[in-house]
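Input: a single structure, listed below in structure tokens.
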Amino acid sequence: MSYALQDTATMLRRNLRHAQRYPGLSLGALGMPVIMILLFGLVFGDTFSAGLGGSGAGFDYIDFLTPGILLMSIASGTMSPAVAVCMDMTEGIVARFRTMAIFRPAVLTGHVLGNVLVTIVSLALVVGFAVLIGFRPNASLGDWLLAAGLMIALTVALTWFAIALGLTSKTPEAASNVVLPISLLLPFLSNTFIPLESMPSGIRWFAEYQPFTPTINTLRHLLLGTPMDSGDGWLALAWCAAIAVVGYFWAQKNYNKGTVA
């Protein structure tokens with residue numbers, strides 16, 4: 001166990017050094033959610049607020065928006081680990097690792113932990129900018145801890161799934177595209193920007209039964225005290241567990257095959 005932990009820590013340091021030397025992907029993951037919160041919170045905020053309820057009904061759009069943008073921060077961060085593992089596989093470094101006495105899961109686990117740390121920084125930036133433009137959560141310390149735990153759980157789950165997708169890609173360019181459904185499609189087709197009842201029926205059905213919506217509902221409940229269905233919290237955790245299990249075993253299977261399909 002000590003060797004496994006040491007090897008995982010070594011691979012984590014490797015990924016953090018790569019993030020320092022090639023900051024483009026990390027800066028994109030950090031900057032895009034901040035741009036989104038500023039764009040939709042400041043530029044379009046009044047228009048959305050007026051259309052969805054208006055200040056007279058006690059509806060504050062920045063409060064509604066911020067939990068969804070937090071989820072978008074997690075989703076947008078999946079591109080970096082997908083590209084990184086694909087580069088490892090195509091550039092031959094994994095073949096070298098296999099000749100060494102290295103705990104095999106440590107290579108992928110290092111990517112996951114590195115992305116979790118970058119995502120935590122991204123989430124902190126989003127909360128900070130959201131507070132600057134009017135976000136006013138009323139959560140207790142316990143609620144913040146529960147919200148943080150849920151976001152970290154989703155980060156781990158989506159990162160494993162993104163790594164699995166990256167290992168199926170033949171080139172880093174393909175790896176950056178294969179995660180787009182996670183980073184764009186699911187966040188936009190959820191209740192990030194508008195309530196479910198404002199959507200067309202077909203899109204509303206999809207949004208209601210995909211993993212982001214119950215997670216956003218749970219975050220809104222924890223941070224703002226908004227009502228939610230009694231099963232949303234457990235459903236969000238179930239989605240995290242299912243995605244993590246599928247992503248982990250799929251990633252390990254692709255990695256152990258030693259080929260990029």
Would L146 end up clustered with I216 when hydrophobic side chains under 4.5 Å apart are linked, directly or stepwise?
-> no
CD1-CD1 distance between I62 and I69, expressed to the nearest 0.5 angstrom = 8.0 Å
Shortest non-hydrogen separation from C240 to A157 and the atoms involved | O-CB, 3.3 Å
Are more than 12 heavy atoms from other residues, nucleotides or ligands located less than 6.0 Å from atom CZ of F206?
-> yes
Intermediate values then yes/no, side chain to side chain contact (heavy atoms under 4.5 Å, CB included), L65 and M36 | CA-CA 10 Å; L65 175 69; M36 297 295 288; over 6 Å; no
pair V127-W144: side-chain heavy atoms closer than 4.5 Å | yes
What about L154 and Y209, same hydrophobic cluster or not, with Ile/Leu/Val/Met/Phe/Trp/Tyr joined at side-chain heavy-atom distances under 4.5 Å?
-> yes
Measure the spacing between CG of L237 and CG of L150 and express it to the nearest 0.5 Å.
-> 6.0 Å
According to a 4.5 Å side-chain heavy-atom criterion applied to Ile, Leu, Val, Met, Phe, Trp and Tyr, with indirect links allowed, do W239 and W234 form part of one hydrophobic cluster?
-> yes
Spacing of L167 atom CG and N256 atom CG [to the nearest 0.5 Å] = 10.0 Å
Give, for atom CG of L108 and atom OG1 of T159, the distance between the pair rounded to the nearest 0.5 Å.
-> 12.0 Å
Is it true that the side chains of D143 and H221 contain a donor and an acceptor less than 3.5 Å apart?
-> no
Give a yes or no on whether the backbone of F212 and the side-chain of Q210 come within a donor-acceptor separation of less than 3.5 Å.
-> yes
Is the shortest heavy-atom distance from the side chain of I203 to the side chain of E208 under 4.5 Å?
-> no
Partner of T213 under side-chain contact (heavy atoms from CB on, under 4.5 Å), picked from L186, L235, L196, is L196
Indicate if L16 and I163 have the same hydrophobic cluster label, given that clusters are the connected sets of ILVMFWY residues with side-chain heavy-atom separations under 4.5 angstrom.
-> no
For S73 and S122 the tightest heavy-atom approach is CB-OG, 3.6 Å
Should we say atom CE of M151 is surrounded by more than 12 heavy atoms from elsewhere, each under 6.0 Å from it?
-> yes
For residues T66 and A130, report the shortest heavy-atom separation together with the two atoms involved.
-> OG1-CB, 3.6 Å
Looking only at heavy atoms, which two atoms of P187 and S190 are closest? And how far apart?
-> O-OG, 2.7 Å
Indicate whether the side chain of R204 and that of S201 have a donor and an acceptor atom separated by less than 3.5 Å.
-> no
Inter-residue atom distance N115.CG - T78.OG1, 0.5 Å rounding = 7.5 Å
Heavy-atom closest contact (R220 atom, N191 atom, distance) = NH2-O, 2.7 Å
Close side-chain approach of T90 and T171, heavy atoms under 4.5 Å | no
Which word best sums up how the rings of F193 and F40 line up, parallel for under 30°, tilted for 30 to 60°, or perpendicular for over 60°?
-> tilted
Evaluate the side-chain proximity of M72 to F188: yes if any heavy-atom separation is below 4.5 Å, no if none is.
-> yes
Does the pair L70 and L223 meet the rule for a side chain to side chain contact (heavy atoms under 4.5 Å, CB included), with working shown?
-> CA-CA 12 Å; L70 290 172; L223 299 180; 4.2 Å; yes
Minimum side-chain heavy-atom gap L219-M228 below 4.5 Å | no
Find out whether I37 and L125 are in side-chain contact, i.e. whether some heavy atom of one side chain is under 4.5 Å from a heavy atom of the other.
-> no
D229 and N217: side-chain donor and acceptor closer than 3.5 Å?
-> no
Does the pair M32 and M79 meet the rule for a side chain to side chain contact (heavy atoms under 4.5 Å, CB included), with working shown?
-> CA-CA 12 Å; M32 183 57 68; M79 183 181 297; over 6 Å; no
Can you find a pair of side-chain heavy atoms, one from W160 and one from P81, that are under 4.5 Å apart?
-> no
Would F64 and L123 show up in the same hydrophobic cluster when neighbours are defined by side-chain heavy atoms closer than 4.5 Å?
-> yes
Close side-chain approach of L224 and F135, heavy atoms under 4.5 Å | yes
Just do the side chain to side chain contact (heavy atoms under 4.5 Å, CB included) check on L113 and M11 with the steps written out, would you?
-> CA-CA 9 Å; L113 294 178; M11 292 301 168; over 6 Å; no
Hey, do the aromatic rings of W250 and F161 have their centres closer than 6.0 Å?
-> yes
Interatomic distance, CG@L180 vs OG@S76, rounded to 0.5 Å, equals 11.5 Å
Can you tell me if D232 and T218 form a side-chain donor-acceptor pair at under 3.5 Å?
-> no
Give the minimum heavy-atom separation between N138 and G225, together with the two atoms involved.
-> OD1-N, 3.8 Å
